[in-house]
Amino acid sequence: MEIKLKYGIDNLLFGMKEHDVIKILGKPDSSYKDEDENVVFIYNSRKLRLTFYKEEDFRLGYMTTSNSMVKLFNTSLIGKNWSEVYPILEKNKVKYFESDTSEGILSYFNEENWLFFHLDYNEIVKIELGAVFKEKEDDFDWKF
């Protein structure tokens, strides 16, 4: 599973509709509506959660994974220490991160790529990525 910054993961692209994702991954193991009425698909074996935004005509806008097979810049990320991963990100020009801690979980966020890394016990345990906005606009830069 390769993260493609600003695009998605593998052939899952930001902007896809529910039926497009089902064609690729099959039916989700479960789904629900969140507090904003967005539709969320859960794929257990892939450790993947996909969010389709209600206000955007239910386009795929957010992905969360804790799959140990996920890679970025050809590097596995889950289970790695931040000190191992950050130099690879920096080398690939992903270098400005805000950090926050909540209930012992340290999170790093890169706004340019709408990319989160969540660390527990100094290891990356979860990655989130979202669709980005078009330059100087309030519209999403859909890739599908």
Side-chain angles (χ1 to χ4, degrees), residues 1-82 84-86 88-89 92-144:
M1 292 176 56
E2 184 74 28
I3 292 173
K4 299 171 185 165
L5 296 176
K6 301 180 183 180
Y7 283 82
I9 298 175
D10 281 344
N11 49 357
L12 297 176
L13 300 175
F14 292 120
M16 286 182 160
K17 300 283 189 113
E18 294 173 49
H19 66 272
D20 299 312
V21 170
I22 290 171
K23 281 182 191 174
I24 295 168
L25 297 181
K27 289 188 178 189
D29 294 299
S30 62
S31 64
Y32 64 92
K33 287 190 178 182
D34 67 13
E35 64 276 357
D36 296 320
E37 296 294 308
N38 300 316
V39 171
V40 181
F41 280 8
I42 298 174
Y43 291 91
N44 293 331
S45 64
R46 295 176 184 272
K47 295 185 179 181
L48 184 64
R49 185 178 304 119
L50 307 175
T51 304
F52 300 86
Y53 293 152
K54 178 184 179 185
E55 291 186 8
E56 297 294 330
D57 197 28
F58 294 100
R59 291 178 181 267
L60 177 59
Y62 208 78
M63 302 179 191
T64 303
T65 186
S66 58
N67 189 317
S68 62
M69 302 299 288
V70 73
K71 293 182 176 186
L72 178 60
F73 306 121
N74 232 7
T75 303
S76 296
L77 303 168
I78 300 296
K80 293 264 176 75
N81 287 328
W82 182 247
E84 295 174 76
V85 172
Y86 183 73
I88 295 163
L89 298 170
N92 286 280
K93 298 179 177 39
V94 180
K95 44 181 148 179
Y96 301 107
F97 287 88
E98 298 171 28
S99 64
D100 187 35
T101 302
S102 176
E103 297 182 23
I105 303 293
L106 176 60
S107 298
Y108 290 101
F109 171 61
N110 174 269
E111 186 174 8
E112 180 183 351
N113 295 289
W114 212 265
L115 176 67
F116 287 88
F117 292 95
H118 301 287
L119 287 75
D120 196 11
Y121 304 106
N122 201 34
E123 289 184 355
I124 297 171
V125 294
K126 183 170 62 172
I127 300 166
E128 299 179 38
L129 61 153
V132 296
F133 291 99
K134 293 179 183 174
E135 250 183 75
K136 300 178 184 174
E137 292 185 39
D138 285 337
D139 294 327
F140 285 104
D141 186 9
W142 300 120
K143 300 302 182 183
F144 185 83

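As the structure is a prediction and not an experimental result, all values here were calculated from the model. Residue indices begin at 1 and follow the sequence shown.
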By side chain to side chain donor-acceptor pair (under 3.5 Å) - contacts of D141 (at least two apart): K143
Contact between Y108 and F116 at the side-chain level, heavy atoms closer than 4.5 Å - yes or no? no
May I ask you to check whether over 12 heavy atoms, not counting those of K17, lie within 6.0 Å of atom NZ? yes
Please find the pair of heavy atoms, one from L77 and one from K71, that lie closest to each other, and give the distance. CD1-C, 4.3 Å
Rounded to the nearest 0.5 Å, what's the gap from CD1 on I24 to CG on D10? Could you check? 9.5 Å
Counting only heavy atoms not in E37, do more than 12 fall under 6.0 Å of its CD? yes
Look up atom CD in E2 and atom OH in Y7, then write down how far apart they are to the nearest 0.5 Å. 14.5 Å
Side chain to side chain, L5 and L72, heavy atoms closer than 4.5 Å: yes
Supply the atom-to-atom distance L129 CG to M63 CE, rounded to the nearest 0.5 angstrom. 6.0 Å
Any donor and acceptor pair, going by atom type alone, linking the side chain of D29 with main-chain N or O of N44 inside 3.5 Å? yes
Tell me whether the rings of Y86 and W82 are parallel (<30°), tilted (30 to 60°) or perpendicular (>60°). tilted
On a heavy-atom basis, which atom in K47 and which in T65 lie closest, and how many Å separate them? O-OG1, 2.8 Å
Do the non-hydrogen side-chain atoms of F52 and Y62 ever get within less than 4.5 Å of each other? no
Exam field: side chain T51 to backbone V40, donor-acceptor pair closer than 3.5 Å: no
Could you grab the distance from atom CD1 of I124 to atom CG of L106, nearest 0.5 Å is fine? 10.0 Å
Looking only at heavy atoms, what is the nearest atom pair of F14 and W142, with distance? C-CE3, 3.6 Å
Can you tell me how far apart OG (S30) and CD1 (I42) are? Round to the nearest 0.5 Å. 4.0 Å
Which pair of heavy atoms, one from N81 and one from E123, lies closest together, and at what distance? OD1-CG, 3.8 Å
Lys/Arg-Asp/Glu bridge criterion (N-O < 4.0 Å) met for D120, K126: no
Working to the nearest 0.5 Å, report the span between CE of M1 and OG of S68. 9.5 Å
Heavy-atom count check: over 12 atoms from other residues, nucleotides or ligands less than 6.0 Å from F73 CZ? yes
Please lay out, stage by stage, how K80 and T75 fare under the test side-chain contact (heavy atoms from CB on, under 4.5 Å). CA-CA 10 Å; K80 293 264 176 75; T75 303; 3.9 Å; yes
Only one of D20, N11, L12 forms a side-chain contact (heavy atoms from CB on, under 4.5 Å) with L25, so which one is it? L12
Neighbour count >12 (heavy atoms, 6.0 Å) for atom CZ, R59: yes
Considering non-hydrogen atoms only, spot the tightest contact between S31 and F41 and give its length. CB-CD1, 3.8 Å
Can you tell me if N92 uses its side chain to pair, donor with acceptor, with the backbone of V94 under 3.5 Å? no
Evaluate the side-chain proximity of N67 to L48: yes if any heavy-atom separation is below 4.5 Å, no if none is. no
Could you pull out all residues at least two apart from Y43 that satisfy side chain to side chain donor-acceptor pair (under 3.5 Å)? none
Report the relative orientation of the aromatic rings in F97 and F117; use parallel for angles under 30°, tilted for 30 to 60°, perpendicular for over 60°. tilted
Checking D34 now: which residues fulfil salt bridge (Lys or Arg N to Asp or Glu O under 4.0 Å) with it, not counting sequence neighbours? none
Given side chains that start at C-beta, do those of N113 and K6 come closer than 4.5 Å, heavy atoms only? yes
